[in-house]
Structure formats: C-alpha cells, structure tokens
Amino acid sequence: MSETTEALTLTIDEHGIGLAVMDLPGKPMNLLNDELAAPLLALVDRLEQDAALKGLVIASGKKDFMAGADVDRLWALTTAQQAFDASMMFKRVLRRIERCGKPVVAAIHGMCLGGGLELAMACHARIVLNDGKARLGLPEVKLGLLPGGGGTQRLPRLVGIQAALQMMGEGADVRADKALAMGLVTALAANRDELLAQAHDWARAHPKPRQPWDEPKFKFPGGDGKSPAVVQMLAIAPSIASAKSHGNYPAITHIMSSVFEGSLLDIDNALELESRYFAACAVSPESRNMIGTLWYQLNAIKKGRSRPAQVPASSVKKLGILGAGMMGAGIAHVAAMAGIEVVLLDTTAEAAERGKAHSQGLLDQAVKKGRRSAEQREAALARITPTTQYERLSGCDLVIEAVFEDRAVKAGVTRQAEAVIGADAVFASNTSTLPITGLAKASARPANFIGLHFFSPVDKMPLVEIIVGAQTSPETLARGFDFVLQIGKTPIVVNDSRGFYTSRVFATYVLEGLALLAEGVHPRHIEQAGLQAGMPMPPLALQDEVSLSLALHVADQTRKDLAAEGRPYTPHPGEAVLRALCEIGRVGKKAGRGFYDWSDDGRSLWPGLKELYPSRAEQPPQAELIDRLMFAQANEAARCFEEGVVRSVADANIGSIFGWGFAPFQGGALQFINAMGPARFVARAGELVERYGPRFAPAAVVRRLAEQGRRFED
C-alpha cells in the first residue's frame with residue numbers, strides 16, 4: 001500500500017509498518033518548511049488514528065536525511081511571541097510522535113542537522129548508515145540561535161549535560177560511530193538495505209515504546225542540574241564561555257541556561273522553557289546580523305552572484321603551483337583533496353618535497369583522528385608531483401604563483417611558466433598586496449592573468465579573494481571563481497588596487513592597536529579591547545603572527561610606489577611602532593620576539609614594552625578602545641566599497657569575517673555600520689576625528705547614506 005504527496009511518500013508493508021520517505025521536490029536537501037510540515041502533520045494524524053498503521057520508519061529520498069529548519073521561516077519571525085509560537089508548534093507535533101503509543105524510527109543517512117536531528121531525537125530509535133558520510137549535529141549557535149525544537153532538552157537527556165553543552169555550544173557535528181558511542185543513536189547499519197531492514201525490525205520488536213524521559217524513574221546520563229558533578233561543571237562553564245565569547249554571543253548563555261534549568265523540570269515544562277530562550281535568540285541583533293550575512297549573503301556568493309553569468313561552468317583538472325613554501329604547499333593540499341592533479345614546483349627538489357610533506361603531515365593527522373582513511377591519504381598524495389622542471393606544467397588548466405612578494409621574482413616565474421602552458425590556461429598570483437595590473441605586465445596574455453589571494457593556513461581558512469586586473473577577461477574571472485568553489489572555498493571578487501580589500505582593511509586593525517600603544521595605552525588593555533570587540537586575536541599578538549618586518553616591507557614599498565607616481569604618502573601613526581621594534585630585532589613570532597616573547601609554551605608580553613612605550617597614568621575607557629579598533633576597520637571597508645574595490649555588500653561582509661575575522665556577531669564590516677545606523681556612525685566617527693585625527697573621517701558613502709536615511713544594500 002502506497003500513498004504519495006509531493007514531499008512525502010508513505011508505503012505500508014504487510015506487518016503494518018509504514019515507510020515515510022521525505023523528498024522535497026526541487027530542493028537539494030530536505031528542510032522543515034511549510035511544504036514538508038503539512039504532510040508530516042497529516043502523517044502524525046494518521047499514525048494516531050489508523051489502527052492498521054502499527055509503526056513508522058522515517059527516511060529520506062535525498063542524499064542527506066535533513067538539513068534542518070527553513071531559514072526563510074526563521075527570518076520571517078520578527079517578534080518574540082512569533083518565535084515562541086513557532087517553536088511550540090513544532091514541539092507539539094514531536095510530542096505527539098513520542099506519545100502516540102506506536103514505534104517511530106528514524107533511518108538516517110548523510111547529514112542530519114538542526115531540526116532534522118530534533119525530529120530524529122523525537123523518534124523512539126535512530127538507526128544510522130555508517131558509510132563515513134553521516135553527520136549529526138545542532139549547528140544553530142552559528143547563526144546566533146539555539147535549537148528550538150527540543151534540542152536543548154532531548155540531547156542532554158540522551159548523552160548527558162556536558163557532552164550536549166559542548167556539542168550545541170560549538171555547533172559541532174559528530175560522525176555515526178561517535179554518535180553511537182555517546183548514546184545519541186540506537187544502532188549503525190552497513191548499507192542502505194540494512195538501514196531500512198534494521199529500522200523495520202526495531203519497530204516490529206518494540207510495539208509500545210516510550211521515550212526514556214517519559215518514564216517515571218528517568219535519570220540524566222551523568223546527572224541532572226542538582227548532581228554534584230554537574231553543579232561543579234556548570235559553576236565554571238559560564239566563565240569559560242565568557243572568556244571565549246566576551247558576552248558577544250547571547251545564544252551560548254541561553255543554551256547553557258536552557259539546559260541547566262530544563263534539567264530540573266519535567267520534559268513538557270522544559271520544552272516550553274526552551275521556547276522562551278529560543279524567542280530571545282531569534283529576535284536578537286546578533287542573530288539577525290549573523291543570519292543576514294552568514295546565511296543569505298554567503299549563499300548568494302556561493303550561487304555565483306559575483307561570477308560572470310554568460311560564461312559556461314569549468315573545472316580544473318591539472319593545477320601548477322610555483323613555490324612550495326607555506327602558501328604553495330597549502331594550496332597544493334586543498335587542491336589534491338578536491339581530486340585535482342597538482343604539479344608543485346620550486347627551485348630545489350628538497351624544497352618541492354618539503355611542500356608535499358606538508359600534505360603528508362596533515363593527512364597523517366586526519367587518518368589518526370579517523371577523519372580520513374589510509375587509502376584516501378595515499379590517493380591524495382599521489383596527486384601531488386613535486387618538481388623543479390617548468391616543463392611539467394604542460395597541460396595545466398591553471399597555474400598559481402606563490403613566491404616571495406617581489407615584483408621581479410614574480411615576473412620571472414610568470415614568463416617561465418607561460419612559455420610551457422597552453423594559450424588558454426589561466427595564470428594567477430597569490431599576492432596579498434601587489435596590484436595585479438602591474439604584475440600582469442610580465443604576462444604575454446594579461447587577459448588570462450588574475451589574482452587568487454589565499455589565506456594562511458590554507459587548509460583551514462575558508463576564503464579566497466579573487467582580484468580582477470585591468471585586462472582580466474570575464475572568462476578568466478569565471479574560471480577562477482569556479483576553481484575556488486571546486487576546492488571548497490568561498491570566493492569574493494574585488495577590483496585591483498593597492499592592498500586589495502582584505503589586506504588593506506585588516507591593516508587598519510593592527511595599526512590602530514599599535515597607535516594606541518604609542519599613545520601610552522597599556523598593552524594588556526589594547527589586547528583585551530580587541531578580544532572584547534569580538535576579534536579572534538588581539539592586535540599586538542596578531543601583528544606578531546603576520547610579522548612586523550613584512551608589514552614594514554609593505555609600508556615601505558607603498559611609500560616608494562606612491563613617490564614614483566608623484567602621490568603623497570601619509571603614514572599611519574602605528575607605522576612608527578613597527579619601525580621601532582624592527583630596528584631592535586623584534587620582528588614577530590617567526591623570530592620568537594615581537595610585542596610578545598614566544599616559546600613552545602606560548603606567549604607573554606615583552607617586559608621591555610613598558611620602557612619603550614610607558615603607560616600613561618590615566619587609561620581611556622575600554623569602550624573607547626573598542627570603538628577605535630572597530631571604526632577603523634568598518635570605515636576603511638566603506639571606503640573600499642565607495643571606491644569600487646569591493647564589488648558588493650555581501651563580498652565586503654563575508655570577506656571581512658572569513659578573511660581576517662571581523663567580529664562575526666556583527667555580521668561583517670558594512671553590517672556593523674548598518675546595525676549601528678549610518679547617522680549614528682557618522683556622529684561617533686566625528687568625535688573620533690576630533691580626538692585622534694582625520695583617519696577616522698567617515699567615508700563619503702556613509703555620510704550620503706546617513707543623509708538619505710538609507711543603509712548599505714546590494
């Protein structure tokens with residue numbers, strides 16, 4: 001017997017066990033939207049009312065079980081009451097599943113996230129296909145939310161409070177084997193047929209199941225909020241969370257509160273409590289910022305909004321990389337992992353082999369942690385060919401140079417590579433600061449020349465900044481864009497200029513920190529302000545990481561270039577601090593000496609800083625320091641948008657978060673201005689100009705938006 005709707009198919013076998021297959025038409029993944037919610041509700045009605053339906057297996061017709069809730073529905077929630085009601089409506093359906101008196105089993109394969117996992121946890125059993133692709137998780141915190149479909153209550157009742165808090169607080173997912181070990185799932189299956197067979201067998205063997213939390217003597221694994229061990233853990237958890245988030249992510253606090261308070265209540269009151277915390281998250285500025293940027297704008301970028309639409313899609317089969325240092329080796333690794341054949345070229349065989357060894361080390365760790373198989377490691381390594389011979393570049397679709405930031409060196413390798421690659425091959429520079437149009441002068445085919453700026457470490461950083469030179473063709477841009485997506489990175493497209501977008505704006509953050517030091521602000525106050533602002537690293541430590549000598553080299557090169565063009569150069573007040581430390585050999589982490597003393601045990605502020613830059617007696621408020629660090633970045637991002645360096649608001653926001661870690665809860669550098677309101681931003685910037693100089697003068701585009709009562713919009 002079979003019944004079908006557009007989104008759900010129900011087939012009932014001779015034992016009365018139904019197989020409900022979710023398959024949203026026209027969607028790559030199942031989502032909890034109106035189109036699926038209606039047939040699911042009808043299915044629950046039938047489960048309760050039809051005596052011939054003895055039990056149910058819920059499965060997916062997609063490659064994944066379910067991605068979670070429809071973000072469009074979440075975005076439409078504008079009041080706390082709307083959010084509360086929507087959350088409770090979903091939970092009432094899940095409670096009906098739990099209390100229907102018949103077995104309901106989730107047969108899970110692929111991704112089972114967010115609302116999908118909440119649906120699965122409301123089932124009486126969860127069988128998972130253990131093929132290496134299954135991932136189970138509650139990632140809502142990454143959008144400033146908490147699980148609003150019972151996740152903060154069912155997960156700790158299944159796996160314990162500590163494991164649940166870690167999973168939800170990080171938004172992490174787990175593999176099938178780990179999910180089984182922690183008690184999240186019931187059993188694993190080796191293949192699809194076995195998955196469905198086990199699910200049906202479980203349903204037949206448990207005709208009248210009850211959820212553990214509906215049993216009178218239910219106890220939390222590891223104890224509830226009253227047990228001494230949990231009380232001790234919860235006593236320190238908020239301080240640990242605060243140390244990491246600095247209060248910028250209220251969802252983390254709400255998750256902890258919902259778990260702790262809910263553990264002291266029966267399940268139904270706990271679910272209602274969760275909905276109240278969910279409502280607080282759903283209408284918070286942080287969540288609105290993060291959903292707007294990290295969902296809508298990010299997805300628009302990945303769908304190709306910055307890609308020339310008329311150019312056919314392409315892929316890279318063979319990639320050449322010039323320079324096997326840190327960046328070149330990192331690019332080789334991610335390309336090989338994406339299935340691309342890589343030629344890794346350097347001046348010596350030893351250097352080229354070291355570049356390949358970088359992948360060996362990363363893959364060995366992945367195998368050790370169970371993230372890759374030994375066969376996958378060997379296959380990836382076999383795709384990387386270290387060499388010193390330019391002839392090996394023949395047949396490459398794309399060549400990326402990742403050599404030293406020197407025009408003459410880059411020009412030399414460009415000519416050598418172009419002598420052997422095909423006429424239609426794309427040549428890209430990984431430069432972070434040198435204008436692409438100038439570098440393309442060494443090319444015999446500047447239309448095929450483009451910038452692909454990767455970030456270190458390449459295997460972890462999600463962004464690639466694509467720089468379009470004056471003669472770069474739309475076809476070349478499209479091919480570069482497709483390659484970035486092919487290797488699993490996020491592309492933003494910027495026009496050519498000095499420092500491009502990310503390097504130019506990033507510099508304002510660290511240089512403002514250095515200017516504060518020169519003014520007598522205590523270095524610990526500077527570093528704390530950076531962290532409290534939501535940046536991943538404080539400015540002085542970050543400058544040590546990227547090297548003081550490199551930053552000074554860029555500044556000196558800029559000075560020379562502008563002089564050659566007959567244009568004035570205005571040094572940032574932080575530049576003098578760079579020069580002073582470099583002159584005494586404190587050039588950063590690579591030398592073990594910068595603003596910090598670096599060792600294998602970590603870092604500590606260099607005691608000599610207090611002599612070189614004595615702290616003044618009266619220190620400015622932390623709020624003032626935070627404003628200076630954030631306004632410097634946001635204002636420079638606005639200037640880049642005004643000048644056409646960055647092409648869209650989405651590229652500016654995503655580039656700021658993924659490129660240098662601009663506080664994610666703010667939604668990006670331009671969203672920072674939007675959220676504050678351009679008028680308020682202009683007024684506050686005016687105050688900073690009076691105190692600290694013209695570098696804080698608000699960009700003309702922000703002043704226009706303030707006058708017109710508008711915001712940054714694509």
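In this text, all values refer to a predicted model and were calculated from it rather than measured experimentally.
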Practice item. Can you sort out the partners of Arg711 under side chain to side chain donor-acceptor pair (under 3.5 Å), two or more places apart, ordered by chain and number? Key: none
Exercise for review: For the pair Asp651 (side chain) and Ile492 (backbone), establish whether a donor and an acceptor sit closer than 3.5 Å, ignoring hydrogens and angles.
Suggested key: no
Point to revise | Asp482 and Arg307 ion-paired at < 4.0 Å | key: yes
Point to revise | Asn495: partners by side chain to side chain donor-acceptor pair (under 3.5 Å), with sequence neighbours left out | key: Arg647
**Study point:** Candidate pair Glu519 and Arg691, rule salt bridge (charged side-chain N to carboxylate O under 4.0 Å, His left out), full reasoning
**Key:** CA-CA 12 Å; Glu519 293 170 18; Arg691 296 176 192 173; over 6 Å; no
**Study point:** Side chains of Ser429 and Glu401, donor plus acceptor under 3.5 Å
**Key:** yes
Practice item. Could you tell me whether Arg603 atom CZ has more than 12 heavy atoms of other residues or ligands within 6.0 Å of it? Key: yes
Point to revise | NZ/NE/NH1/NH2 to OD/OE distance under 4.0 Å, Arg695 and Glu512 | key: yes
Exercise for review: Could you name each residue pair satisfying side chain to side chain donor-acceptor pair (under 3.5 Å) that touches residues 324-353, not counting sequence neighbours?
Suggested key: His333-Ser359
Exercise for review: Under the ring-ring contact (aromatic ring centres under 6.0 Å, His included) rule, collect the residues that match up with His453, sequence neighbours excluded.
Suggested key: Phe455
Exercise for review: Flag yes if more than 12 heavy atoms outside Arg559 fall under 6.0 Å of its CZ atom; otherwise flag no.
Suggested key: yes
**Study point:** Salt-bridge contact Arg479-Glu475 (side-chain N to carboxylate O under 4.0 Å)
**Key:** no
Exercise for review: Could you tell me which residues satisfy side chain to side chain donor-acceptor pair (under 3.5 Å) with Arg703, sequence neighbours excluded, listed by chain and number?
Suggested key: none
Review point. Can you name the side chain to side chain donor-acceptor pair (under 3.5 Å) partners of Asp597, sequence neighbours left out?
Key: Arg586
